[in-house]
Amino acid sequence: MHGEYKVPGGKLVVVDVEVTDGVLRNTRVAGDFFLEPDEALDAVNHALNGAPADLDAAGLAARIDAALPEGTVMYGLTSAGVAVAVRRAVARATDWSDYDWQLIHEGPQPPALHMALDEVLTAEVAAGRRPPTLRVWEWGGPAVIIGSFQSLRNEVDPEGAERHGIEVVRRISGGGAMFVEPGNTITYSLSVPESLVQGLSFQDSYAYLDDWVLGALGDMGIRAWYQPLNDITTDQGKIAGAAQKRMVGPDGGPGAVLHHVTMAYDIDADKMLDVLRIGKEKMSDKGTRSAKKRVDPLRRQTGLPRETVIENMIASFRARYGVSGGKVTGEELARAQELARTKFTTPQWTARVP
C-alpha cells in the first residue's frame, strides 16, 4: 500500500506499508523532508511496524513521538504528517496526479444558479460521470451567501440587502456568510472524488485541498497560510474562506467532496456592514473598524488586475496537476437551472433556518 501527504507548509511524506493479520508491517517512510539524526527515520519505521492497521492518526503519531531519539529535529515533517500518510496508504487514497482534471470557467451566472451548479457537478463526480473539476465562478450580480445552517434573520439585514440590490441565497455547505460583488470576488469550486481525501480528518482535508492555492498566492508574492478550520490568511488579514459538503455516491457507495473558496479581491466594507449583521460588535465604532480590518483584499496585496490573479491561479493548478478546458454540459445546465428554480430561489430553502 502506498500513501502520500504533503504536510501543510512543509514537505512531501511518502509511506509504503503492508498489512498482515490486522497490523502494519514493512513500513518505509520517505520524502523530501529533513530529519536529524539519521537514526530517527529507523525509529519512525519501527514505531509504525506492529501498530494496529485501524489505529487512527493521533494514535500513530503518539507511537512515533514516543520512539524518536532525544533531540530529534524535523524540518518540513511532523509525526502527525507521517501518520496521515499511513492512514491514506491503508485507505488506498488517490492522489491529485491520478486524475485528468477539467477546468470550467464560463460567463457570469446568477447566484442561485452557482449554488445549483455546485450541487449538480459534485453529484456527477460522485456518480463517476464527470472527472474531478475545478470551476472558477463569474458572478452575475451581488449576493450574500449564507451557510447551510445559519439563521437568515441573524445574518442578513433585509433592509440593507434590498437597499443595495443584494440577492440572498443559501448554499449546501456549512460555514459563515459571504458578501460578494462582481469584480470584487474570486470564487472557485473543487468537485473531487472522496478517495482524494481518504485517510484525512475533516480539518486536514481543508488544508490538503487548499494547498495548491497557497502555492499560487506564493508565486504572486503573497505569503499565505491555512488557518483552521476554513480560512486562508496572511499577516495582513484574512483573504479567503472555504466550505465543504460531502455527497454519497449512487447506492450509498463512494461519493464526492465539494470544496469551494471565496477570496476577497476587493471589498466595499461599508456596504458589507450595511447588509450583514456582524453581531453586537457592529453597534460600536470599534466593532465596525474590527470587521473592516479583518479582511484584506487581494487587490491591495498583489497590485494585479482580478483577471490576472485568476489566470495565475489556473496556471499554478495546471503546472501542479494538469487541467484541460471543459464546460458545463447541456444536461448539467438544465438540471442546475431546474434546481435553482425549485430549491435555491425558494423561501423554503433560503429561510429553512429562519
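The figures here come from the full heavy-atom set of this structure, side chains too, leaving out hydrogens, waters and symmetry mates.
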I'd like to know whether L60 forms a side chain to side chain contact (heavy atoms under 4.5 Å, CB included) with V82, so could you lay out the CA-CA distance, the side-chain angles of the two residues, the decisive distance to 0.1 Å, and finally the verdict.
CA-CA 8 Å; L60 292 170; V82 175; over 6 Å; no
Can you tell if the side chain of L190 reaches within under 4.5 Å of the side chain of T133, non-hydrogen atoms only?
no
Compare every heavy atom of I232 with every heavy atom of A224, then report the nearest pair and how far apart it is.
CB-CG2, 4.1 Å
For residues S173 and H260, is any side-chain donor paired with an opposing acceptor at under 3.5 Å?
yes
If you look at every heavy atom in P131 and D100, which pair is closest and at what distance?
CB-O, 3.4 Å
Whether the T302 and R299 side chains hold a donor-acceptor pair (N or O, under 3.5 Å, no angle test) is what I'd like checked.
no
May I ask you to check whether over 12 heavy atoms, not counting those of R28, lie within 6.0 Å of atom CZ?
yes
Quick one: closest heavy-atom pair of E106 and V328, and the distance?
OE2-N, 3.1 Å
Short side-chain donor-acceptor distance under 3.5 Å, R352 and S148
yes
Using distance only, find each side-chain donor-acceptor pair of residues 108-117 under 3.5 Å and give its atom names and separation, not counting sequence neighbours.
unit_1: H114; atom_1: ND1; unit_2: R135; atom_2: NH1; d: 2.9
unit_1: H114; atom_1: NE2; unit_2: E138; atom_2: O; d: 2.8

Do Y321 and S97 have a side chain donor and acceptor closer than 3.5 Å?
no
Going by distance alone, is a donor N or O of one side chain under 3.5 Å from an acceptor N or O of the other, for W225 and T233?
no
Does a salt bridge link R129 with E124, judged by any charged N lying under 4.0 Å from a carboxylate O?
yes
Could you report the tightest heavy-atom contact between T122 and A256, atom names first, then the distance?
O-CB, 3.6 Å
Which heavy atom of A53 sits nearest a heavy atom of R87, and at what distance?
O-NH1, 2.6 Å
So do E119 and F344 actually touch side chain to side chain, heavy atoms under 4.5 Å?
yes
Check residues 202-216 and write down every donor-acceptor pair under 3.5 Å in which the side-chain atom is one partner and the other belongs to a residue at least two apart or another chain.
unit_1: D204; atom_1: OD2; unit_2: S201; atom_2: OG; d: 3.2
unit_1: S205; atom_1: OG; unit_2: F202; atom_2: O; d: 2.6
unit_1: S205; atom_1: OG; unit_2: Q244; atom_2: OE1; d: 3.3
unit_1: S205; atom_1: OG; unit_2: Q244; atom_2: NE2; d: 3.3
unit_1: S205; atom_1: OG; unit_2: R246; atom_2: NH2; d: 2.9
unit_1: Y206; atom_1: OH; unit_2: Q244; atom_2: N; d: 3.1
unit_1: Y208; atom_1: OH; unit_2: R88; atom_2: NH2; d: 3.3
unit_1: Y208; atom_1: OH; unit_2: W96; atom_2: NE1; d: 3.3
unit_1: D210; atom_1: OD1; unit_2: H259; atom_2: NE2; d: 2.8
unit_1: D211; atom_1: OD2; unit_2: R320; atom_2: NH1; d: 3.2
unit_1: W212; atom_1: NE1; unit_2: L209; atom_2: O; d: 3.4

Side-chain donor-acceptor pair under 3.5 Å between E332 and T329, yes or no?
yes
Residue list, salt bridge (charged side-chain N to carboxylate O under 4.0 Å, His left out) with R25, at least two apart or on another chain
none
Can N49 and T27 be counted as having a side-chain donor-acceptor contact under 3.5 angstrom?
yes
Establish, from distance only, whether the side-chain atoms of Q236 and R300 form a donor-acceptor pair under 3.5 Å.
yes
Electrostatic pair E338-R341, nearest N-O below 4.0 angstrom
yes
Counting only heavy atoms from other residues, nucleotides and ligands, does the tally under 6.0 Å from CD of E18 exceed 12?
yes
If you take all heavy atoms of I146 and T350, which pair is closest and at what distance?
CD1-O, 4.0 Å
Is D274 salt-bridged to R163, going by a charged N under 4.0 Å from an acidic O?
yes
Taking atom CZ of R92 as the centre, does the number of heavy atoms from other residues, nucleotides or ligands within less than 6.0 Å exceed 12?
no
Honestly curious: do V180 and L298 fall in one hydrophobic cluster under the side-chain, below-4.5 Å linking rule?
no
Got more than 12 heavy atoms from elsewhere within 6.0 Å of NZ, K6?
yes
List the steps, then state whether salt bridge (charged side-chain N to carboxylate O under 4.0 Å, His left out) holds for K271 with E181.
CA-CA 10 Å; K271 187 185 295 183; E181 293 183 286; 2.8 Å; yes
